[in-house]
Amino acid sequence: MKKILFFGTGEFGLKPLKALIKSSNFKIVGVVTNPDKEVGRHQKLSFSPIKKITLENNIKVFQSQKLKDNSKFLKIVRNLKPDLIVVIAYGLIIPEEILEIPKFRSINVHASLLPKFRGPSPVQFQILKGERKTGVTIMLMDKKIDHGPILKQKKVTLSPSITAGELHDKLSEFSIELLTETLNQWVEGEIKPQVQDRSEATYTKILKREDGHINWSKKKIDIERMVRAFDPWPGTFSFLNKKRLKILKVKISNHKAKKTCQNGQIVVFSDKMLVKCKDGFIEVLKLQMEGKKVVNASEFIRGYNVNGSILS
RNA sequence: CGCGGGGUAGAGCAGUAGUAGCUCGCGAGGCCCAUAACCUCGAGGUCGCCGGUGCAAAUCCGGCCCCCGCAA
């Protein structure tokens, strides 16, 4: 049984971690996850689902603000004598001196077809860019982010209506089998790592809340993709009368815009809510006014008199 | 005690002291070849809960419950 030290914080690694815990070929000797945070409306201290499942299985949890130049943590890892390190959605950069400890190296699961969409937000950016294919890559880690040699990769077709949340769950699910299969073959020496083609590399940045602010002078297809790409996080929004209006679900409209319409202007047509953008209208289907509940556009129109108002 | 908005008819909203309203939905009838369109009439609310101050409270004061935005 090979000993694995697992690094993970995000939901993405939850199911794969569960699978490794159950696996008879591997033993999780510890889980490293980000420190507990004050979270939610009342700033209550809470910890990640990864930590919860780890504690439930009586596995040691390590939480550290920083790993770089942290000799204490380095010592802990050395003492655990892991055969492998597995990193999924951890959230911090892991120093090379730690990655180099295990005999079978350190392995990362990444939600894109590397070398494309390296970086922290592959799921969102693949939808944003309108990719047709996506997938999961299992790779060896080195000093650079998402740069190491590929062990295994599996492609999936990307549905044109999927949201980031749905794709995230789908790829996470998809990772379970791929990871265990890859690890088994890797420790048996059955896989030859393939170096990434550097010339094909693209990068994603970490998304911030403000990135969800819709620019209505963009094309309708870009806005539609953005709404799906940022669902559920960071979400897309606009402002109506200085109040924040979350735009939760939209559809590309085929209605022609009059010349007098300006970008961001709301046009109520029948019981539809259309918003002017660069090359036509986006139909808003579901939205939420600050402090209010989520409503369908038809309900929203009845209560608020917004025909002709401008979203900014 | 992180900051803030809100709980009014089935739905979404307006209404800061004096007999509760709008849009939609619902019911009945009408117009029409016909209709999700239009017209007429109608049903449906103890205004989140409890207490207080007023001649009078959805509206002012206090407490409680629930929902939500920001922030993380």
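Looking at Asp222(A) and Lys278(A), no side-chain N of the basic residue comes within less than 4.0 Å of a carboxylate O on the acidic one, giving no salt bridge. Between Glu181(A) and Lys152(A) there is a salt bridge, since at least one side-chain N of the basic residue sits less than 4.0 Å from a carboxylate O of the acidic one.
Distance, Tyr304(A) OH to C13(B) P: 4 Å, rounded to whole Å. In this structure, Met273(A) places its CE atom 21 Å from P of U23(B), rounding to the nearest Å. In this structure, Asn305(A) atom CG and C24(B) atom P are separated by 12 Å, rounded to whole Å. Here the P atom of nucleotide A72(B) and the CD atom of Glu210(A) are 12 Å apart, to the nearest Å. For Lys286(A) and A11(B), the NZ to P distance is 17 Å, given to the nearest whole Å. Atom CZ of Phe239(A) is separated from atom C1' of G5(B) by 14 Å (rounded to the nearest Å). Atom P of nucleotide C13(B) and atom CE of Met289(A) are separated by 9 Å, given to the nearest angstrom. Across the protein-nucleic acid pair, Glu290(A) atom CD and C67(B) atom P stand 19 Å apart, rounded to whole Å.
For the side chain to side chain contact (heavy atoms under 4.5 Å, CB included) test with Phe6(A), the passing option among Ile21(A), Ile85(A), Val31(A) is Val31(A); the others fail.
Residue contacts for Lys243(A): at a heavy-atom cut-off of 4.0 Å it reaches no nucleic acid atom on any strand shown. Counting non-hydrogen atoms under 4.0 angstrom, Val39(A) reaches a base of the nucleic acid.
Candidate nucleotides C24(B), C67(B), A71(B) were compared by shortest atom distance to the side chain of Arg302(A), and C24(B) ranks first. Among the nucleotides G6(B), C68(B), G12(B), the one closest to the side chain of Lys292(A) is G6(B).
With RNA chain B read from its 5' end, the first of the two nearest nucleotides for His42(A) and Gly291(A) is the one closest to His42(A).
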Show your working on side chain to side chain donor-acceptor pair (under 3.5 Å) between Thr137(A) and Gln153(A) and close with a plain yes or no.
-> CA-CA 4 Å; Thr137(A) 303; Gln153(A) 202 164 53; 2.8 Å; yes

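Using atom P as the reference point in both G44(B) and G62(B), the two lie 36 Å apart (nearest Å). With both ends at atom P, the span from U35(B) to A28(B) equals 14 Å, rounded to whole Å. For G12(B) and C70(B), the C1' atoms lie 23 Å apart once the distance is rounded to whole Å. C24(B) sits 15 Å from A14(B) when the C1' atoms are compared, rounded to a whole Å. Spacing of C1' atoms, G63(B) relative to U53(B), comes out at 15 Å, to the nearest Å. Using atom P as the reference point in both C47(B) and C38(B), the two lie 33 Å apart (nearest Å). Nucleotides C60(B) and A17(B) have their P atoms positioned 8 Å apart, rounded to a whole Å. Rounded to whole Å, the separation between the C1' atoms of C66(B) and G27(B) comes to 33 Å.
Pairing for A58(B) is absent, judged as Watson-Crick or G-U wobble with the two contacts each under 3.5 Å. The partner of A37(B) is absent, by the rule that a Watson-Crick or G-U pair needs both atom distances under 3.5 Å. With a cut-off of 3.5 Å on both pairing distances, G25(B) has no Watson-Crick or G-U wobble partner at all. Remark: C49(B) base-pairs with G63(B); criterion is Watson-Crick or G-U wobble with both hydrogen-bond distances under 3.5 Å. Under the Watson-Crick or G-U wobble criterion, with both distances below 3.5 Å, G2(B) is paired with C70(B). Across all strands shown, A43(B) forms no Watson-Crick or G-U wobble pair with both distances under 3.5 Å.
Considering only heavy atoms from C-beta on, Phe104(A) stays 4.5 Å or farther from Leu183(A) through its side chain. The closest side-chain heavy-atom distance from Leu245(A) to Met289(A) is below 4.5 Å.
Using a 4.5 Å cut-off between side-chain heavy atoms of Ile, Leu, Val, Met, Phe, Trp and Tyr, with links allowed through other members, Ile138(A) and Val123(A) fall into the same hydrophobic cluster.
Base orientation for G12(B): anti, the chi torsion being more than 90° from 0.
Judged by distance alone with a 3.5 Å cut-off, no donor-acceptor contact links the side chain of Arg41(A) to the base of A72(B).
Applying the 4.0 Å criterion to OP1 and OP2 of G69(B), one finds that Gln288(A) has a side-chain N or O inside that range.
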